[in-house]
**Student:** 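Quick one: structure below, then a few questions.
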Amino acid sequence: MRRSLLLVTLLMVLKAVPGQTWEQERDSLLKVLSASREDSNKAMTMIYLGAEYEYNQPDSALYYLRRAYELSMQLHYIRGIVNGLSLQAGVLAAGNELDTAIALDSVAIDISKKANYQKGLAGVYNNIAILYDNKGDLVRSVDYYLRAIAMDEQFHDDARLATGYANIAGVYVNLKEYEKGYAYSLKGIALGRKCQDKNAMESGYLNLSAALIKMSRQDSALTVLKDLVALAMSYKDNDIVAGSLDNICAIYADKGQWDLLKANATKLLDFSRSTGGAQGVFHGLVRMSDYYWWTKDYARAMGNIREAIDSANAERSKANLRDAYEKAAMVELVQGHVKAYSRYKEMKDSIDELLLSDRVVKNTQELEARYSLNKKQAEIDDLQKQQRIQQLVLREQYLTIAILAVVVAVVILTSILYRRNYRQKKKLLMADAMLQQQRIAELEKEKQLLAVEAVLRGQVEERSRLAKDLHDGLGSILSGVKYSFTNMKENLIISPEAAAAFERGMGMLDKSIHELRRVAHNMMPEALMKFGLDSALRDFCQGIDQSGAINLRYLSYNIDESTIPEARAAAIYRIVQELGNNILKHAEARTALVQLIRKGNALSIAVEDDGKGFDTATLTDSEGIGYLNLRNRVAWLNGTIDIQSEAGKGTSVNIEIPNITA
């Protein structure tokens with residue numbers, strides 16, 4: 001039965017662009033990763049990279065997923081830890097390392113439970129259920145599927161429910177609980193259609209047809225399989241098309257409808273040969289041989305089987321080769337060719353022995369691994385018992401020594417209590433004095449911050465008022481004057497010299513209006529007042545970039561202007577404006593980057609350039625108004641500023657504001 005693996009990740013920060021190849025998506029993620037800081041966003045970017053590499057380069061997938069897990073552990077980032085572990089399990093499972101994969105998912109489950117990460121827990125339940133199903137432990141598989149389904153139903157997560165319903169249906173069919181498999185398949189198909197999830201729909205149709213066949217409802221199963229062929233054709237899922245056609249052939253063979261068997265076997269062969277599906281070609285040849293067997297055309301039946309044997313040899317498929325030899329033996333026997341029958345029978349039996357040997361080796365390896373684990377556990381238990389005995393002996397010795405030590409300690413303690421009490425009182429008095437001094441310093445700092453806040457708020461309000469007065473008042477007057485002069489010119493007859501002077505005056509009037517608007521915009525940008533911080537900063541950076549003076553990029557993540565107070569937005573705009581102007585005036589840079597990232601109420605501001613740099617020690621003695629304003633604005637926002645620069649290596653300014661909405 002078909003299984004769909006669920007990705008545990010709950011929120012995609014980066015979304016794939018429709019039509020991109022996986023290499024393009026990988027390159028986009030690598031570009032983002034190169035500019036990322038050591039935070040949760042970087043961890044999630046590496047997780048998305050691991051998912052991109054999973055089916056193309058498994059080794060690279062494991063590399064990025066392990067790095068994401070290690071970074072998430074350092075940051076105590078639960079979602080990254082759980083995703084990193086469970087996706088590693090998925091990659092290892094694809095390489096048939098099921099026990100290691102189950103161990104990783106088990107750790108992810110424990111972490112999710114301790115952190116109460118319910119969404120992640122439901123996803124890992126789904127994934128470990130698939131692993132147990134692949135391992136053949138169907139009872140545990142159902143147990144974990146039911147846990148995941150119960151949680152996803154509580155969350156109303158239709159997308160994951162569609163896959164969960166379709167998958168558990170297949171497990172129930174394998175457990176011979178066909179009614180349950182039938183019911184869950186219908187649920188998976190219905191939700192898969194609602195969510196447009198092709199994997200859930202295909203899995204649901206496959207498992208529904210299997211349940212119907214086991215319930216002796218072949219006609220209904222045929223209808224389902226034909227619908228599945230059409231669906232898989234639309235998605236170009238060639239393996240599903242071939243498998244469904246093979247199941248249709250099997251039903252027609254059971255019903256004794258030989259012409260329909262031949263028509264569908266031909267369709268299966270033609271489709272598989274056109275798409276290069278080796279499995280489909282093999283099964284198509286076997287189905288054609290069944291047709292000729294029942295119509296007693298043994299020569300053609302044998303021809304199809306020989307082709308099937310060649311196909312199985314080319315694919316090195318022991319199971320297919322074994323089935324083909326068995327078919328060949330039957331055809332030779334019915335024709336009375338005893339020697340040929342014996343030869344094919346021996347070849348079939350030899351492959352059975354190889355398959356049995358493989359199973360024995362696998363079971364032996366599993367038993368050896370279990371025995372090794374049990375042996376190590378027994379050794380650990382023995383060592384722990386010996387350690388406990390030694391601890392009891394040492395405890396008795398320590399008890400005797402402790403009694404003597406207590407007697408001595410009581411004598412010494414009594415002698416020092418008075419002295420200690422005196423010292424304690426002295427320390428308390430000194431501590432009280434220090435607390436008072438600290439409180440005075442805090443009040444002074446609060447006073448300074450309040451003064452800075454008042455100045456900044458006053459600046460914002462005064463700039464807004466002046467900008468509005470200049471734009472709406474004086475700007476409107478000058479525009480009216482220009483309009484009046486323009487109308488006047490059309491009604492006057494003046495000399496060419498006077499006309500030229502008039503045009504110069506109009507040009508100066510235009511320059512005055514433009515200069516007025518520029519001054520008003522610098523005092524309080526119109527974009528900041530109308531559209532908010534993100535739009536204003538984007539306009540500012542684009543203006544510098546389009547000027548040609550420097551290549552300046554602006555990046556922002558999760559900036560919601562509606563939740564940022566106007567005064568704080570203005571302060572942040574002035575901070576970035578001051579840093580941008582400093583780059584233009586002093587850095588002599590070719591490229592620069594302005595980046596804003598918001599996580600919850602916290603905001604990170606990063607401004608970098610590749611200019612000539614400077615000695616940061618000079619900032620300690622700097623009395624420049626620009627740096628003083630920058631530092632005051634950051635302090636008013638309760639933020640921290642870190643400036644890194646070296647001569648010839650550019651400058652990096654990082655500002656962290658813990659609560660942008662306060």
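Because the structure is a prediction, the values reported are computed rather than measured.
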**Student:** Is there side-chain contact between Val286 and Asp323, with at least one heavy-atom pair below 4.5 Å?
**Tutor:**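 Sidechains of Asp323 and Val286: no contact.
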**Student:** I'd like to know whether Asp152 forms a side-chain hydrogen bond (donor to acceptor under 3.5 Å, both in side chains) with Gln154, so could you lay out the CA-CA distance, the side-chain angles of the two residues, the decisive distance to 0.1 Å, and finally the verdict.
**Tutor:** CA-CA 5 Å; Asp152 287 333; Gln154 182 180 352; over 6 Å; no
**Student:** Taking the six-membered ring for Trp, are the ring centroids of Tyr172 and Tyr178 within less than 6.0 Å of each other?
**Tutor:**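 Not close enough - the centres of the two rings lie 6.0 Å or further apart.
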**Student:** Is there a side-chain contact between Tyr69 and Gln88, using heavy atoms and a 4.5 Å cut-off?
**Tutor:**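 When only atoms from C-beta onward are counted, Gln88 and Tyr69 do touch, with a gap below 4.5 Å.
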**Student:** side-chain hydrogen bond (donor to acceptor under 3.5 Å, both in side chains): which pairs involve residues 246-255, sequence neighbours left out?
**Tutor:**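 Qualifying pairs, neighbours excluded: Asp219-Lys255, Lys226-Tyr252, Asp246-Arg287.
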**Student:** Indicate whether the side chain of Ser556 and that of Asp534 have a donor and an acceptor atom separated by less than 3.5 Å.
**Tutor:**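 Ser556 vs Asp534: donor-acceptor pair found between side chains.
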**Student:** Does some side-chain heavy atom of Met46 sit less than 4.5 Å from a side-chain heavy atom of Leu71?
**Tutor:**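 When only atoms from C-beta onward are counted, Met46 and Leu71 do touch, with a gap below 4.5 Å.
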**Student:** Provide the full list of side-chain hydrogen bond (donor to acceptor under 3.5 Å, both in side chains) pairs with a residue in residues 265-275, sequence neighbours left out, each pair given once.
**Tutor:**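 Only Arg273-Glu307 qualify under side-chain hydrogen bond (donor to acceptor under 3.5 Å, both in side chains).
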**Student:** Within a strict 4.5 Å, meaning less than it, do heavy atoms of the Arg598 and Ile564 side chains meet?
**Tutor:**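 When only atoms from C-beta onward are counted, Ile564 and Arg598 do touch, with a gap below 4.5 Å.
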**Student:** Any side-chain heavy atom of Lys180 within less than 4.5 Å of one from Val173?
**Tutor:**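 Side-chain contact under 4.5 Å: no.
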**Student:** Below 4.0 angstrom, N of the basic side chain to O of the carboxylate: do Asp143 and Arg147 qualify?
**Tutor:**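 Yes, charged N to carboxylate O under 4.0 Å.
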**Student:** Output all residues satisfying side chain to side chain donor-acceptor pair (under 3.5 Å) with Tyr165, sequence neighbours left out; order by chain, then residue number.
**Tutor:**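 So Tyr165 forms a side chain to side chain donor-acceptor pair (under 3.5 Å) with Glu153.
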**Student:** Give the C-alpha distance, both sets of side-chain angles, the deciding distance and a yes or no for side chain to side chain contact (heavy atoms under 4.5 Å, CB included) between Asn320 and Gln279.
**Tutor:** CA-CA 9 Å; Asn320 286 351; Gln279 281 291 320; 2.9 Å; yes
